[in-house]
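Heads up, the thing below is written out as structure tokens.
Treat the numbers as computed from the prediction; the structure is a model and nothing was measured. Per chain, numbering begins at 1; letters A, B, ... match sequence-line order.
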Amino acid sequence: MPAKIPRRTTLVGMAATFSTLAAKPVYAQGMGTVLITGASRGIGFEFAKRYAETGWTVIATARDPAMAEPLKALAKAHKNIRIEKLDVSDVKAVDALAEKLKGTAIDVLINNAGISGGSQNQKVGAIKYEVFDDVMHTNVLGPIKMAEAFAPHVAASTQKKIISISSTEGSLAGISARPDVNSIFYRASKSALNMAMINMAKALKDKGIIVIMLSPGLVQTDFVGDLRLPIMISAEQSVAMTMPIIARVTMDDTGKYFRHTGDLAAW
Amino acid sequence: MTDDIERRDVLIATAMFTTMLGMGFWTEAAMAADAKPSTTVLITGASRGIGTEFVKQYAARGYTVIATARDPAKAVDLQALAKANKNISIERMDVLDHASIDALAAKLKGKPIDILVNNAGIGGGGVNQVFGKINYAVFDDVMKTNVEGPLKVSEAFIDNVAASNMKKIMMVSSSQGSVASVRSASLYFYRASKSALNMVTVNLAKALKDKGVIVGMVAPGATDTDFMIEVRGRMPLGKPSERTAGMIVQIDAFTMEKSGQFFEWNGETVPW
Ligand SMILES: NC(=O)c1ccc[n+]([C@@H]2O[C@H](COP(=O)([O-])OP(=O)(O)OC[C@H]3O[C@@H](n4cnc5c(N)ncnc54)[C@H](OP(=O)(O)O)[C@@H]3O)[C@@H](O)[C@H]2O)c1
Ligand SMILES: NC(=O)c1ccc[n+]([C@@H]2O[C@H](COP(=O)([O-])OP(=O)(O)OC[C@H]3O[C@@H](n4cnc5c(N)ncnc54)[C@H](OP(=O)(O)O)[C@@H]3O)[C@@H](O)[C@H]2O)c1
């Protein structure tokens, strides 16, 4: 039901004046339901906030909702946010949530949850292999499983989009052209994610599902730790830039790898 | 040919200096130049398929071959090869078992390895990687064998490779890892593992540049080994001997300028 109300608001706005429509951010058009993984913090939290403020129905998932204070506060302020517990690396948990949400149409699935594994653990000559599985499970297995388990929900929706938050750190061409060596597992995981999602795009085309990869920019979240660089943007800025991309992609874009600027990233 | 001339020149020059200066240092240099040039290669996953072919072909060149296998007792063909050729030694190494990698690295400490070929790899089974029926139980095996393994092996043998003449670390990747080339969905984990391996290799190439170590990727194309058991008869498959010979040509041609690049057995570049 809550999804109906904002949609009517939009219609009223449209009827009022065209300028109201033009002033509306593009992502405010065609609202629906979005499911976000890793919504407890950082970019995922910001997606939940923005989509909720825009009037979407938000299924915000977090691996430990009890600890996600800001998300709980957000959900208290917005009745259109529903919090669900989900660890994306837990295949059974993904199946259980997919089962619980059976029959719920999900317009946009955002595979956002991701970890770096800590750059200090990934220095050639002293690599800590114990973080390998965590990085691969969270960044690669999780998104594949999510896409597979939630494809029916997405296929039943109007917009039919699966978005995976990748990174230009996963760009083989991009990294080849740069001198720095960094976070070897993390980079490899994002290349692997891109490959998996290209395949997913091919597999889901017949179902009308659009699959894209999005690089959010260099975003000041816990993810980057103490790193501060002039090119860094806030999670608010990142999401404000990527939501319009999510809104405008069509089946012509399936399998593409976008930067937050809207340009395509190189493989 | 040019090698021989140079070697003779070196010998003559060395002999002259030795006589003139009477210094032990020059005698040593002359002896080293006189000795049969020794090139050592280490192959992972040498028990079957392309790995065994690498062993055969490098041994035929007169190279010293360290053929590693996770279960040497089962590697009957490899044992027969080693029996017939003194240049081949067999060592146990499971690329999933880091203790076995560290143990072999400790055993070979101080021994130069000219070419390290990270060949061991698994496909994970096509039937396990079909949309709607993906078997997540094979994910770890594929990722750890094809990505973590080659990185761990390379890291463990860096000093051996850096101490050699050729200084090459080569990954047997696959065009299946080419993100730009995907036409239809299949082999999610395997393809992702090879894309990940390529990214690991690109980074390793940069990390080892200062040590003079050349790191690259080669691929055999669809080749008739046990690996292709599911598709045998349904697509053209190359001969392991021919494809491996091709990859050896590519490995020969790798220079520091090409470090971090990826070539098919026939010299074609593979798009990312
Ligand atoms: N920040 C950047 O500059 C940047 C750049 C490129 C790409 N990215 C990508 O953007 C995405 C979000 O990153 P961020 O900057 O927002 O990072 P972040 O602030 O560290 O947040 C990561 C989020 O992922 C969640 N998460 C981690 N493992 C999970 C699991 N197994 N199951 C469910 N949730 C899990 C975390 O939950 P907990 O609160 O429970 O830990 C947290 O909500 C990641 O995929 C990252 O790779 C970020
Ligand atoms: N054949 C193709 O069409 C093709 C195409 C592109 C790329 N490749 C790549 O070429 C490489 C060799 O493939 P192949 O065709 O020779 O396959 P294969 O005939 O199936 O042989 C695979 C080899 O890898 C070994 N291996 C697997 N897991 C291992 C582990 N944990 N530790 C040590 N060794 C392990 C196997 O040992 P066991 O005998 O103990 O099982 C075997 O010797 C692989 O990296 C593959 O991805 C093959």
Side-chain angles (χ1 to χ4, degrees), chain A residues 89 91-92 94 122-127 129-130 132-133 135-137 139-141 144-145 147-149 151-152 169-205 207 213 255 257 266-267, chain B residues 98 101 129-137 139-140 142-144 146-149 151-152 154-156 158-159 176-209 211 217 259-262 270-272:
Chain A
S89 65
V91 171
K92 287 207 178 85
V94 175
Q122 301 169 55
K123 299 213 182 306
V124 176
I127 296 174
Y129 290 91
E130 52 273 25
F132 181 84
D133 285 355
V135 172
M136 290 295 166
H137 291 172
N139 300 356
V140 188
L141 182 148
I144 300 174
K145 177 63 193 173
E148 192 185 30
E169 291 290 299
S171 163
L172 281 148
I175 296 300
S176 285
R178 277 162 49 181
D180 62 305
V181 183
N182 208 333
S183 301
I184 201 158
F185 295 159
Y186 177 68
R187 285 178 172 179
S189 77
K190 293 296 189 180
S191 304
L193 171 67
N194 289 345
M195 172 56 98
M197 287 301 142
I198 295 283
N199 280 274
M200 207 48 92
K202 307 283 180 199
L204 297 180
K205 197 167 187 150
K207 294 187 161 69
M213 286 71 75
Y257 175 22
W267 301 124
Chain B
H98 291 198
I101 299 170
Q129 301 169 68
V130 174
F131 182 86
K133 287 176 284 193
I134 299 178
N135 178 6
Y136 293 89
F139 180 86
D140 280 351
V142 174
M143 286 295 170
K144 293 172 89 73
N146 298 355
V147 188
E148 189 186 333
L151 180 58
K152 170 66 190 174
S154 302
E155 200 184 28
I158 285 172
D159 290 344
Q176 295 287 328
S178 166
V179 189
S181 308
V182 177
R183 298 282 166 268
S184 64
S186 81
L187 296 172
Y188 293 78
F189 301 159
Y190 178 67
R191 286 177 173 176
S193 78
K194 292 295 188 179
S195 305
L197 171 65
N198 293 347
M199 182 55 104
V200 161
T201 310
V202 162
N203 280 275
L204 209 50
K206 293 194 276 185
L208 302 183
K209 203 170 193 130
K211 291 191 197 297
M217 289 147 275
S259 194
Q261 295 182 22
F262 184 2
V270 183
W272 296 126

Side chain from CB out, backbone as N, CA, C, O: work out which of these in [X] comes under 4.5 Å of a heavy atom of chain B, or both, or neither.
{"X": "A/A126", "result": "backbone"}
{"X": "A/K190", "result": "neither"}
{"X": "A/L193", "result": "neither"}
{"X": "A/Y257", "result": "neither"}
{"X": "A/Q122", "result": "neither"}

Original post:
Under a 4.5 Å heavy-atom cutoff, which of A/K205, A/M136, A/K123 has the most pairs with chain B?
Top reply: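 The candidate making the most pairs under 4.5 Å is A/M136.
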Subject >> Options A/L172, A/N182, A/L204, ranked by heavy-atom pairs under 4.5 Å with chain B, top entry >> reply: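 When all of A/L172, A/N182, A/L204 are compared, A/L172 has the most.
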Original post:
If you take all heavy atoms of B/Q176 and A/M195, which pair is closest and at what distance?
Top reply: O-CE, 3.0 Å
Subject >> Nearest non-hydrogen partners of B/W272 and A/S176, listed with the distance >> reply: CZ2-OG, 3.5 Å
Between [atom1] on residue [X] and [atom2] on residue [Y], distance to nearest 0.5 Å:
{"X": "A/M200", "Y": "B/Y188", "atom1": "CE", "atom2": "OH", "value": "4.5 Å"}
{"X": "A/F132", "Y": "B/D140", "atom1": "CZ", "atom2": "CG", "value": "8.5 Å"}
{"X": "B/F139", "Y": "A/I144", "atom1": "CZ", "atom2": "CD1", "value": "6.0 Å"}

Subject >> Plane angle bin for B/H98 and A/Y129 - parallel if under 30°, tilted between 30 and 60°, otherwise perpendicular >> reply: perpendicular
[Y] side chain reached by [X] side chain, heavy atoms, under 4.5 Å:
{"X": "B/Y136", "Y": "A/E148", "result": "yes"}
{"X": "A/I127", "Y": "B/K152", "result": "no"}
{"X": "A/D133", "Y": "B/K144", "result": "yes"}

Picking from [options], which has the most non-hydrogen pairs under 4.5 angstrom with chain A?
{"options": "B/I134, B/N198, B/V200", "result": "B/I134"}
{"options": "B/S154, B/S186, B/A156, B/A205", "result": "B/S186"}
{"options": "B/R183, B/M143, B/R191", "result": "B/R191"}
{"options": "B/S193, B/G132, B/P271", "result": "B/G132"}

Subject >> Short side-chain to backbone donor-acceptor contact, B/E155 and A/V124, under 3.5 Å >> reply: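 Absent.
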Subject >> Under 3.5 Å: donor-acceptor pair, side chain of B/K206, backbone of A/I175 >> reply: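 Side chain of B/K206 to backbone of A/I175, a donor-acceptor pair under 3.5 Å: yes, one is there.
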Proximity breakdown for [X] and chain A, heavy-atom pairs closer than 4.5 Å:
{"X": "B/L187", "answer": "neither"}
{"X": "B/Q129", "answer": "neither"}
{"X": "B/K133", "answer": "backbone"}
{"X": "B/V179", "answer": "both"}

